[in-house]
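One structure is given below, encoded as structure tokens.
The shown structure was predicted, so the numbers you read here are calculated from the model rather than taken from an experiment. Order of appearance sets the numbers: ligands from 1, and atoms from 1 within every ligand. We count residues from 1, following the sequence as given. When reading the values below, keep in mind they use all heavy atoms of this one structure, side chains included, and skip hydrogens, waters and symmetry mates.
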Amino acid sequence: MAENSAETAREAAVEKALGALDLDAKTRLLAGQDMWSLPALPQIGLESLVMSDGPVGVRGVRWTADDPSVALPSPTALAAAWDPELARRAGRLLAQEARRKGVHVLLAPTVNLHRSPLGGRHFEAYSEDPYLTGVVGTGYVLGVQDGGVGTTVKHFVANDAETDRFTVDNRVAPRPLRELYLAPFEAIVKNARPWGIMTAYNQVNGVTMTEHHHLVNEVLRGEWGFDGFNVSDWMAARSTTADIEGGLDVAMPGPHTVYGEALAAAVRAGEVAGSTVDTAVRNVLRLAARVGALEGAPPVVADPPAPVDGDALAREIARRGFVLVRNEGGALPLAAGRTVALSGAAARDARVLGGGSAQVFPEHVVSPLDGLAAVLPEGALTYAVGADPSDELAPADRGFSLRARCRDASGNVIGEGSLPNGQVQWIGDDLPEGVTHDALASIEVIGTFTPRESGGHAFGTRGLGAFSLAVDGETLFEGTQAMGAETDPFEAFFGSPVERATVELTAGETVEVSLLHTLDKGFATPLPAVMFSFVHLGPRRDPDELIAEAVEAARTADTAVVVVATTERVESEGFDRKDLALPGRQDDLVRAVAAVNPNTVVVVNSGSPVELPWREEVAAVLLGWFPGQEGGAALADVLTGVEEPGGRLPTTWPGTLAEVPVTEVTPTDGALHYAEGIAIGYRAWDEAGAAPAYPFGHGLGYTDWSYDSLRAAPGAVTVRITNTGTRAGRETVQIYLLPVDDAVERPARWLAGFASVQAAPGETVETEIPLPRRAFEIWDEEQNDWALVAGSYEVVAARSLVDVRLTATLDV
Ligand code: BGC
């Protein structure tokens, strides 16, 4: 069926279904029936619509490793590839994963901006630049929807930090709101027609986003023509009437929400018009029609695209996102036959994804150690920990094989579930088969632990209530953890681990472990939930000794590779960062290794910027982000030169936090003022006249490029470049605009377009890059509209914000 007539058929099916529903069924459809889904309505042939996080993989409706998911690199890495086609392929893979797991809607992409590097979910958003964010997000949404699966572009809007995220009132003037924070949403709505949007927890200018009639009904739907469904962020919906009037279609999760029965009652009381409810139901039914969950409606995608190899794509995105920011004396790629001394805790235990709702459970992870061991000849690679930034107990993971045994109040076993690690997080209906919250009285985490190292192993608990902990048949702790000063019930889960006992264990010798947790039924959580963790930390070694070991290995190797990383306690959803320092003794490790080996290559395993105080003392620095499950394989590809690192910085990388122009993430009296206006990211660095460690757009490859010509016309620029090196490569041609004699307040320069271009050695390639009208417009606060700023512009073709290769002048 042609798309036009299919759309007409879908709209007809939606109207028919709507007409067949009574008020109670309608309002029931607008509330979650559980944590992740809406109720099925068999009377109209509607299946239950299922949603799942997002954005690097599709977790599915359960928080478990039983049903693993492909874990792609972090959104910062995807954005660093500067390639909407790659983002689209990522989206297609995710649609395939969603279909495999019975998921209709992916809760992604996150298109908030990198306003401050302290933002805890920085790794989960793309960039500090609204244009780049919009282009990558458009590719991603198109890809997911190519596979017939919906997206919820999130979090609408100005959810750029985590501190007090449920209540913070972000005060943003109209111009920055339009030119920066709304811009990616606008681009995606117009260019990808997303089937959904997620409204944020926070307020914008005094109105909570789930109730924001102006931004949702007038701007998103009215001005931009958004026709998808609007779902609240989880537990963001707080008022029946204000939410429905504010354009919120679905309140998640459920069943206890402000919609459902409460909404039906509000209609009956005359507080809400029936037609307002109909509008919301129509939006949900349209989504169902699009994804093929409404009988009689032709889905947008009848035949999903050809299957994608998840491992291969994860590996490709990882290496396309790696940003080589420094490469002195051709340190990389490594010449054949070189010996490598690898160090860093994350080289062995890679951090492949960020924490929070974005977490998925990959079936396997290739660490840098695995990746290099697979390609370097026998005897060419050594490994030493060097520095371990994890000085806290963390969910029992490596070496543990655990399951959870559930009992009722009489001690009868009512079910068992597997555990991905020592972390139990059962919310709503996400419980092991046969178990209900009502019946459940205790959970015993049982299994085995085979230590990797001999020494004192610390065991402990995280969470509230009664615990009994045993290792190797001996009970080591019995007691109750009471609620502390914190009033947030989720603090129980996100709170600190408590060490309970240390046991001497021998490497390779398996012991039995168990942690019995008895529930405190009087403890109220917003949703029925069981949350606690069995935590562990391996032998604490003397940090100086660890560094000395790595230095000894580095001294005799041709090249030293040090992997430095952040931890789960540094970068995650739920809190912001306090500083940008690498945790633990990692800086000392790098300096000590670099002092004995001039060919020191540092790989940075963090989702967002960290300070690299030694960056001028090492030969090469490769920013690896959270590289996904194939990160180590991609790293081996790039270090050995099988592939070149393809990334360019999607965000400015500061030298120190103190130099960053915009950092504030903590509200004062409930409000966070975006006082910097339109100057965030490189716009702010330019305004401050300051130079970062590495500028926006920077990144080195393994070949050389000459920029041969630039022609600028009002609608497009044409750039001709030649690969002057000896190997094939890919270049990101960046176009910036600089206003000449500017009469209005504007940034010194801004990204207006880009292209990702491939060429063989010696090959010349010409590329046309569109220059959208919007690149020359500002938001005129007086006219309340976009206004073209006529005048002269310098158009530059560049390899980064500051590495300008060609310049032309354009009058508009
Ligand atoms: C996050 C969302 C996520 C949702 C469901 C919220 O806490 O902000 O991004 O999609 O949880 O997990």
TODO: Describe, in one word, how the ring planes of Phe156 and Trp224 are oriented to each other, choosing from parallel (under 30°), tilted (30 to 60°) and perpendicular (over 60°).
DONE: perpendicular
TODO: List every atom of ligand 1 that sits less than 4.0 Å from any heavy atom of Glu573, numbering the atoms from 1 in the order shown and giving each element.
DONE: 1 (C), 6 (C), 7 (O), 8 (O)
- [ ] Describe, in one word, how the ring planes of Trp234 and Trp36 are oriented to each other, choosing from parallel (under 30°), tilted (30 to 60°) and perpendicular (over 60°).
- [x] tilted
TODO: Under 4.0 Å from a heavy atom of Arg165: give me the atoms of ligand 1 that qualify, with their elements.
DONE: 7 (O), 8 (O)
Open item on the list: Less than 3.5 Å apart, any donor N or O on the side chain of Thr208 or Thr210 sitting next to an acceptor on the other?
Closed with: no
TODO: Please could you name the atoms of ligand 1 that Lys154 approaches to less than 4.0 Å, counting only its heavy atoms?
DONE: 2 (C), 3 (C), 9 (O), 10 (O)
- [ ] Before accepting this row, confirm whether a basic side-chain N of the pair Arg290/Asp227 lies closer than 4.0 Å to the acidic partner's carboxylate O.
- [x] yes
Open item on the list: When you measure from the heavy atoms of Met235 to every atom of ligand 1, does any distance fall below 4.0 Å?
Closed with: no
Open item on the list: Quick test: of every protein heavy atom, which one is nearest to atom 5 (C) of ligand 1, and how far off is it to 0.1 Å?
Closed with: Asp53 OD2, 3.3 Å
Open item on the list: Under 4.0 Å, heavy-atom basis, I'd like to know which part of Met252 is in contact with ligand 1: side chain, backbone, both or neither.
Closed with: neither
Task: Pair Asp67 + Lys101: basic N to acidic O under 4.0 Å - done: yes
Task: Mode of Met35 contact toward ligand 1 - side chain, backbone, both, neither (heavy atoms, under 4.0 Å) - done: neither
TODO: Quickly, which of Thr27, Val250, Leu248, Leu29 forms a side-chain contact (heavy atoms from CB on, under 4.5 Å) with Tyr259? Name it, please.
DONE: Leu248
Open item on the list: Are Phe185 and Phe226 an aromatic pair, judged by ring center distance below 6.0 Å?
Closed with: no
Open item on the list: Is there a polar contact, in the sense of an N or O pair closer than 3.5 Å, between Asp233 and ligand 1?
Closed with: yes
Task: Subset of ligand 1 atoms that lie under 4.0 Å from at least one heavy atom of Met198 - done: 10 (O)
Task: Check against side-chain contact (heavy atoms from CB on, under 4.5 Å), Thr651 and His122 - done: CA-CA 10 Å; Thr651 212; His122 199 283; 4.0 Å; yes
TODO: Report yes or no: does a heavy atom of Trp36 sit under 4.0 Å from some atom of ligand 1?
DONE: yes
TODO: Please indicate whether any nitrogen or oxygen in His155 is less than 3.5 Å from any nitrogen or oxygen in ligand 1.
DONE: yes
